[in-house]
Amino acid sequence: MHILILGGTTEARALAGLLHAEVRVTSSLAGRVASPRLPEGEVRIGGFGGVDGLVEWIGGHAVDAVIDATHPFAERISFNAARAAATAHVPLLALRRPGWVPGEGDDWVSVASLEAAAAALDGLGDRVFLTTGRMGLAAFADRPEWFLVRSVDAPEAPVPARTEILLDRGPFTLDGEREILARHRIDVLVTKDSGGAATAPKLTAAREAGLPVVVIRRPPVPEGVPMAPTPEEAAAWVRELA
C-alpha cells in the first residue's frame with residue numbers, strides 16, 4: 001500500500017512516523033520553508049501543478065490513499081486534493097488538529113480573513129504582534145500601527161511600513177511569549193486559528209497580560225471529506241484500508 005501525505009505540519013510528520021514501517025509513505029512538502037523538518041519515509045518537495053498534476057502523480061506512483069495533513073489554512077491544496085482524489089478514485093482523509101477555543105478571561109475578536117483582521121485593529125492599540133506567517137502581509141501593508149512579525153522565513157514585500165521581523169520556529173514556551181509581549185510593549189495579538197500546542201502559549205500570555213487577540217477563523221474542510229483530529233486516528237484509518 002502506498003500512502004501520499006500532503007503535509008509539512010507536526011501532525012503530518014507524526015503520521016509518517018507511525019506508518020512508514022507498515023506501508024510505503026510519501027510525504028509531500030510545498031517547499032515554502034527553506035529548511036523544513038523532514039519526516040520519516042520518502043519525501044518530495046514542490047507543488048504538483050494543480051489538480052491535473054496531482055491526479056497524474058497519484059496514478060503514476062500507484063497511490064492507494066491520500067491524507068491531507070496540510071496546515072489548516074492551506075485552503076487551495078485541500079480543495080485540489082479533494083478534486084484530485086475524486087478524479088483518481090482514491091480515498092482521502094483530512095488530518096486536522098482541533099482549533100483553539102477561548103476560555104475565561106480571553107478577549108478574542110473572531111474574523112474571517114487577513115483583510116478583516118487588519119480592519120479589526122482599529123482602536124485596539126499601536127503595537128501589534130502579528131503571528132500569521134510570512135504570507136499575506138500585504139493585507140496589513142497600509143496600516144499605521146507598528147508590527148512585530150514572527151515567521152520561520154523572512155517575509156517578502158509588501159509589509160507594513162513600521163515592521164520588525166522576528167525569525168523563529170515553534171514550539172514556543174509560555175515564558176518566552178511573556179517576554180516578547182513585555183519587551184516589545186505589545187498591545188494586541190493577531191493570529192490564525194492554527195490549533196495545536198506548539199504555538200498556543202501566546203494565547204495564554206495574551207490572556208495574562210489582558211491583551212485583545214484577533215483570531216482568523218480557519219477555512220472549512222472540503223465538503224464530503226472525512227476528518228481525523230490526531231495522527232493516531234489517521235493511522236487507524238489507513239490500517240482499516242489495508
Side-chain angles (χ1 to χ4, degrees), residues 7-15 17 32-39 69-74 95-111 114 116-118 120-121 123-137 140 143 145-155 159-160 162-218 228-233:
T9 59
T10 301
E11 290 77 17
R13 291 192 297 274
L15 179 59
R32 292 180 176 175
V33 176
S35 299
R37 294 172 176 166
L38 298 180
T70 57
H71 191 276
F73 283 82
L95 172 55
R96 290 289 186 274
R97 69 187 80 145
W100 292 318
V101 178
E104 184 178 355
D106 283 320
D107 180 11
W108 287 14
V109 179
S110 177
V111 297
L114 288 167
L121 291 175
L124 292 183
D126 184 58
R127 300 180 68 83
V128 182
F129 186 19
L130 186 58
T131 64
T132 57
R134 68 184 183 92
M135 310 293 289
L137 296 185
F140 300 88
R143 295 295 310 186
E145 295 87 359
W146 177 90
F147 287 84
L148 176 65
V149 175
R150 181 165 70 190
S151 62
V152 176
D153 295 317
V159 299
R162 301 168 61 205
T163 295
E164 180 175 332
I165 306 299
L166 175 61
L167 298 182
D168 203 357
R169 187 201 302 260
F172 302 106
T173 67
L174 179 55
D175 285 343
E177 301 294 60
R178 288 168 174 157
E179 194 273 335
I180 286 175
L181 298 185
R183 173 161 50 94
H184 293 281
R185 308 188 312 279
I186 298 300
D187 298 315
V188 54
L189 168 67
V190 179
T191 186
K192 294 177 177 179
D193 179 16
S194 300
T199 60
K202 63 189 172 188
L203 301 172
T204 302
R207 179 172 62 246
E208 291 177 349
L211 301 183
V213 181
V214 179
V215 180
I216 302 167
R217 297 188 294 272
R218 58 175 64 179
T230 67
E232 290 75 16
E233 291 183 55

*Do any N or O atoms from the side chain of R96 and from the backbone of P72 form a donor-acceptor pair under 3.5 angstrom?*
no

_If you compare all heavy atoms of A120 against all heavy atoms of V111, which two are closest, and at what distance to 0.1 Å?_
CB-CG1, 4.1 Å

*Candidate pair E208 and L174, rule side chain to side chain contact (heavy atoms under 4.5 Å, CB included), full reasoning*: CA-CA 11 Å; E208 291 177 349; L174 179 55; 4.1 Å; yes

*Step by step, work out the side chain to side chain contact (heavy atoms under 4.5 Å, CB included) result for V213 and W100.*
CA-CA 12 Å; V213 181; W100 292 318; over 6 Å; no

*To the nearest 0.5 angstrom, please state how far the CZ atom of R97 sits from the NE2 atom of H71.*
5.5 Å

_Given 3.5 Å as the limit, does a donor-acceptor pair link the side chain of T191 with the main chain of I216, or not?_
no

*Which atom pair, heavy atoms only, marks the closest approach of L137 to P155?*
CD1-CB, 3.4 Å

*Measure the NZ-CZ distance between K192 and R218 for me, rounded to the nearest 0.5 Å.*
11.5 Å

*Check A117 against V190 and note the closest heavy-atom contact, atom names and distance.*
CB-CG1, 4.2 Å

_Contact check, side chains of P171 and T199, non-hydrogen atoms, under 4.5 Å_ = no

_Test your reading of the model: is there a side-chain donor-acceptor pair from D187 to the backbone of R127, 3.5 Å cut-off?_
yes

*So which heavy atom on P160 is nearest to which on T163, and how close?*
O-OG1, 2.6 Å

*asked:* Using 0.5 Å steps for rounding, measure from the CG atom of D126 to the CD1 atom of I186.
replied: 10.0 Å

*Which residue, L148, V215, L181, L203, forms the side-chain contact (heavy atoms from CB on, under 4.5 Å) with L189?*
L203

*asked:* Go through it in stages, so that I can follow the logic: the residues are H184 and W146, the test is side chain to side chain contact (heavy atoms under 4.5 Å, CB included), and I'd like the CA-CA distance, side-chain angles, deciding distance and then a yes or no.
replied: CA-CA 10 Å; H184 293 281; W146 177 90; 3.8 Å; yes

*Are a donor atom and an acceptor atom from the side chains of S110 and R217 found within less than 3.5 Å of each other?*
yes

*Would you say V159 and V149 make side-chain contact, with heavy atoms under 4.5 Å?*
no

*Would you give the length of the straight line joining atom CZ of R143 to atom CZ of R162, rounded to the nearest 0.5 angstrom?*
11.5 Å

*Roughly how far apart are T173 OG1 and E179 CD, rounded to 0.5 Å?*
9.5 Å

_Nearest heavy atoms of P231 and L95, plus distance in Å_ = N-CD1, 3.8 Å

*Please round to the nearest 0.5 Å and tell me the distance separating atom CG of L166 and atom CZ of F129.*
6.5 Å

*Measure across A69 and A12 and return the closest heavy-atom pair with its distance rounded to 0.1 Å.*
CB-CB, 3.7 Å

*Is the backbone N or O of G8 less than 3.5 Å from a side-chain atom of R13, with the two atoms forming a donor-acceptor pair by type?*
yes

